[in-house]
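The analysis underlying the following values was restricted to heavy atoms, covering all of them including side chains, and did not include hydrogens, waters or symmetry mates. Order of the sequence lines fixes the chain letters, A, B, ..., with proteins taken first and strands second; residue numbering starts at 1 for each chain.
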Protein chains: 2
Amino acid sequence: MGLRERKKATTRRALQRAAVRLAVERGSEHVTVDDIAAAADVSKRTFFNYFSSKEEAIVGDGPPRPDDEARAVFVAHGPTGDLLDDLKIFLFSPLADSDAEDLGQRLADVHERKRLAQREPHLVPRVMAAFADMERYVGESVAERLGEDPDDIRPQIVASLGITAMRFSMRRLQTHAGADGSADARDDVSELRALFDQAFDALRRTFRPAA
Amino acid sequence: MGLRERKKATTRRALQRAAVRLAVERGSEHVTVDDIAAAADVSKRTFFNYFSSKEEAIVGDGPPRPDDEARAVFVAHGPTGDLLDDLKIFLFSPLADSDAEDLGQRLADVHERKRLAQREPHLVPRVMAAFADMERYVGESVAERLGEDPDDIRPQIVASLGITAMRFSMRRLQTHAGADGSADARDDVSELRALFDQAFDALRRTFRPAA
DNA sequence: ACGCATTAATTCACTTTGCGCATTTTTTCA
DNA sequence: TGAAAAAATGCGCAAAGTGAATTAATGCGT
């Protein structure tokens, strides 16, 4: 990754973290874009080059998407051939791939945002919207795998079950990370993994694969 | 209902319809709150007494919620005792109850908004957020019925299946109503009913009720 | 029918958002 | 090293959204 892209990513993260930090400190109503930009040492205008709204910076990107490769594997009935198993692997792949440090950061962020959303319920719809978008993406992938139309009901059912498992896991996750993060990131990811397994076990018990 | 409340409802509807109409005509980016307020013959400030943002007026209220009575019946394992059957009745109750004229209006609105959302995809997350809120409500109701915690996975699974059925039905619904609405409102509601039945049939085939 | 209390609507002034545009700075690559 | 490409900035402005004071409309008791 070139210097350019790294700097962009840095700026973006700086803005995002400043946004979240200030929102946690003062409540998001009492944070202006100017404040955020100042805290990240960029101009207000630059802020809007990265985010189209204040809330977007505070709420963040939503669940990480599987990349094209993972999607291709899933669509091709891989890696195991079982729908639920493959779905689980598909959904978890962005976490399985990324390195521990990065992951620690992200889980810490998730945790901070969770507290924020609890304190400011008007943020919740935004978060949900991000999951909904993910659900659409998963639904399309499932449809392709099954050779059905994305508007058919079965892909939608499967996708919504998968997303439900995901939401469940993330909601249950109690991050014990300090602000620094990476220390027990591995613990967190394995805890998340366990919750994920548990959720999919429940799915398997209530789901009857074929008609 | 007193004159006061009726007038409030009228104003609210006027604002909402003006918002949707103008957004359809010009695209929502090219509609200002001043325009909407002017079209509804109220001041801008009054608009913000009814809606906290422009998008809220355009997107609308989301799926109608079952009332407390329907919820009580559902929680008490009524009316049939079968989870899926009762869920279907529970979710459909707001439509089954309301009178034909009102219903016609609302379905016409749904249709107009659907076209709007197709043309302006950035509105979709908002709509989805409304469904997500509904899903939470349903999840709590299911949890109460089953005597489980709302944070447990089973209620969430059931709720997400129900909402998926709902979304599926509404997405598929092809409203053939003219702008006036109420003419074939009954057709529409029965078509929606049929789609709903179809979706729940699919749920029943993929859902295994108990562990 | 009258006046009084409530609640809704309006006006005004103000802060903040969000973005188009021209300019400057930084990064890339030949 | 020196353009070319891309990012950051400063400026200006239309629109969003809000608090506070004022005016109008409605409900209610007598």
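Note on residues 54-76 of chain B: pairs passing ring pair (Phe, Tyr, Trp, His ring centres under 6.0 Å), not counting sequence neighbours, are B:Phe74-B:Phe90.
For B:Phe92, the ring pair (Phe, Tyr, Trp, His ring centres under 6.0 Å) criterion is met by B:Phe196, not counting sequence neighbours. Residues passing the ring pair (Phe, Tyr, Trp, His ring centres under 6.0 Å) test with B:Phe51 are B:Phe47, sequence neighbours excluded. Scored by the side chain to side chain donor-acceptor pair (under 3.5 Å) test, A:Glu69 finds no partners at all (sequence neighbours excluded). Legend: residues meeting side chain to side chain donor-acceptor pair (under 3.5 Å) with B:Arg136, ordered by chain and number and at least two apart, are B:Asp133, B:Glu140.
Taking for each of B:Glu5 and B:Phe51 the nucleotide of DNA chain D with the nearest heavy atom, the 5'-most of the two is the partner of B:Phe51. Mapping B:Glu29 and B:Thr11 onto DNA chain C via the closest heavy atom, the residue that lands nearer the 5' end is B:Thr11.
Under 4.0 Å is where a charged nitrogen must lie from a carboxylate oxygen, and between B:Arg193 and B:Asp197 at least one such pair does. In summary, B:Arg12 and B:Asp61 engage in a salt bridge, as defined by a charged side-chain N under 4.0 Å from a carboxylate O. A salt bridge does not link B:Glu112 with B:Arg21: none of the charged nitrogens is closer than 4.0 Å to a carboxylate oxygen.
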Under 3.5 Å, side-chain donor or acceptor atoms of residues 158-171 of chain A against the rest of the protein: list the pairs with distances, not counting sequence neighbours.
residue: A:Ser160; atom: OG; partner: A:Ile157; partner atom: O; Å: 3.3
residue: A:Ser160; atom: OG; partner: B:Ser160; partner atom: OG; Å: 3.3
residue: A:Ser160; atom: OG; partner: B:Thr164; partner atom: OG1; Å: 2.9
residue: A:Thr164; atom: OG1; partner: A:Ser160; partner atom: O; Å: 2.7
residue: A:Thr164; atom: OG1; partner: B:Ser160; partner atom: OG; Å: 3.0
residue: A:Arg167; atom: NH2; partner: B:Glu135; partner atom: OE2; Å: 2.5
residue: A:Ser169; atom: OG; partner: A:Ala165; partner atom: O; Å: 2.7
residue: A:Arg171; atom: NH1; partner: B:Asp151; partner atom: OD1; Å: 2.9

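For the pair A:Asn49 CG and C:dT25 P, the interatomic distance rounds to 17 Å; values are reported in whole Å. Between the NE2 atom of B:His30 and the C1' atom of C:dG20 there is a distance of 13 Å, given to the nearest Å. As rounded to whole Å, 16 Å separates atom P of D:dA8 from atom CD1 of A:Ile36. At whole-Å resolution of the value, CG in B:Asp35 and C1' in D:dG17 are 16 Å apart. Regarding B:Asp41, its CG atom lies at a distance of 16 Å from the C1' atom of C:dA8, rounded to whole Å.
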Scan nucleotides 23-26 of chain D against the protein and return all N/O pairs shorter than 3.5 Å with their distances rounded to 0.1 Å.
residue: D:dT26; atom: OP1; partner: B:Lys7; partner atom: NZ; Å: 2.4

Produce the list of close N/O pairs, under 3.5 Å, pairing protein atoms with atoms of nucleotides 19-22 of chain D; give distances to one decimal.
residue: D:dG19; atom: N7; partner: B:Arg45; partner atom: NH2; Å: 3.1
residue: D:dG19; atom: O6; partner: B:Arg45; partner atom: NE; Å: 3.0

Find every protein N or O atom lying less than 3.5 Å from an N or O atom of nucleotides 16-18 of chain C, and list the pairs.
residue: C:dT17; atom: OP1; partner: A:Val33; partner atom: N; Å: 3.4
residue: C:dT17; atom: OP2; partner: A:Val33; partner atom: N; Å: 3.2
residue: C:dG18; atom: OP2; partner: A:Lys54; partner atom: N; Å: 3.1
residue: C:dG18; atom: O6; partner: A:Lys44; partner atom: NZ; Å: 3.3

Pull out every protein N or O sitting under 3.5 Å from an N or O of nucleotides 22-24 of chain C, one pair per line with the distance.
none

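Comparing the axis of the opening five pairs of the helix from C:dA1-D:dT30 to C:dA30-D:dT1 with that of the closing five pairs yields an angle of 30°, rounded to 10°.
Look at A:Tyr50 and you'll find a side-chain N or O under 4.0 angstrom from OP1 or OP2 of D:dA8. Within the 4.0 Å cut-off from OP1 or OP2 of C:dT10, at least one side-chain nitrogen or oxygen of B:Ser43 is found.
Smallest separation of non-hydrogen atoms from A:Leu192 and A:Leu173: N-CD1, 4.0 Å. Heavy-atom minimum distance, B:Gln156 versus B:Pro150: NE2-O, 3.4 Å. The two residues A:Arg172 and B:Asp152 have their closest heavy-atom pair at NH2-OD1, 3.1 Å. The two residues A:Ser141 and A:Val75 make their nearest non-hydrogen contact at O-CG2, 3.9 Å.
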Go through the steps to decide whether A:Met128 and B:Phe131 satisfy the test side chain to side chain contact (heavy atoms under 4.5 Å, CB included), and finish with yes or no.
CA-CA 9 Å; A:Met128 288 304 133; B:Phe131 275 99; over 6 Å; no

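For B:Thr46 and B:Asn49, the side-chain atoms include no donor-acceptor pair closer than 3.5 Å.
Rounding to the nearest 0.5 angstrom, the gap separating the OG1 atom in B:Thr32 from the NZ atom in B:Lys54 is 7.5 Å.
Contact annotation: the side chain of B:Arg106 never approaches that of B:His111 to less than 4.5 Å [non-hydrogen atoms, C-beta and beyond]. Contact annotation: the side chain of A:Arg145 approaches that of A:Asp86 to within less than 4.5 Å [non-hydrogen atoms, C-beta and beyond]. At least one side-chain heavy atom of A:Arg17 sits under 4.5 Å from a side-chain heavy atom of A:Asp109.
Taking every heavy atom of residues 119-129 of chain A and every atom of DNA chain D, no pair lies under 4.0 Å.
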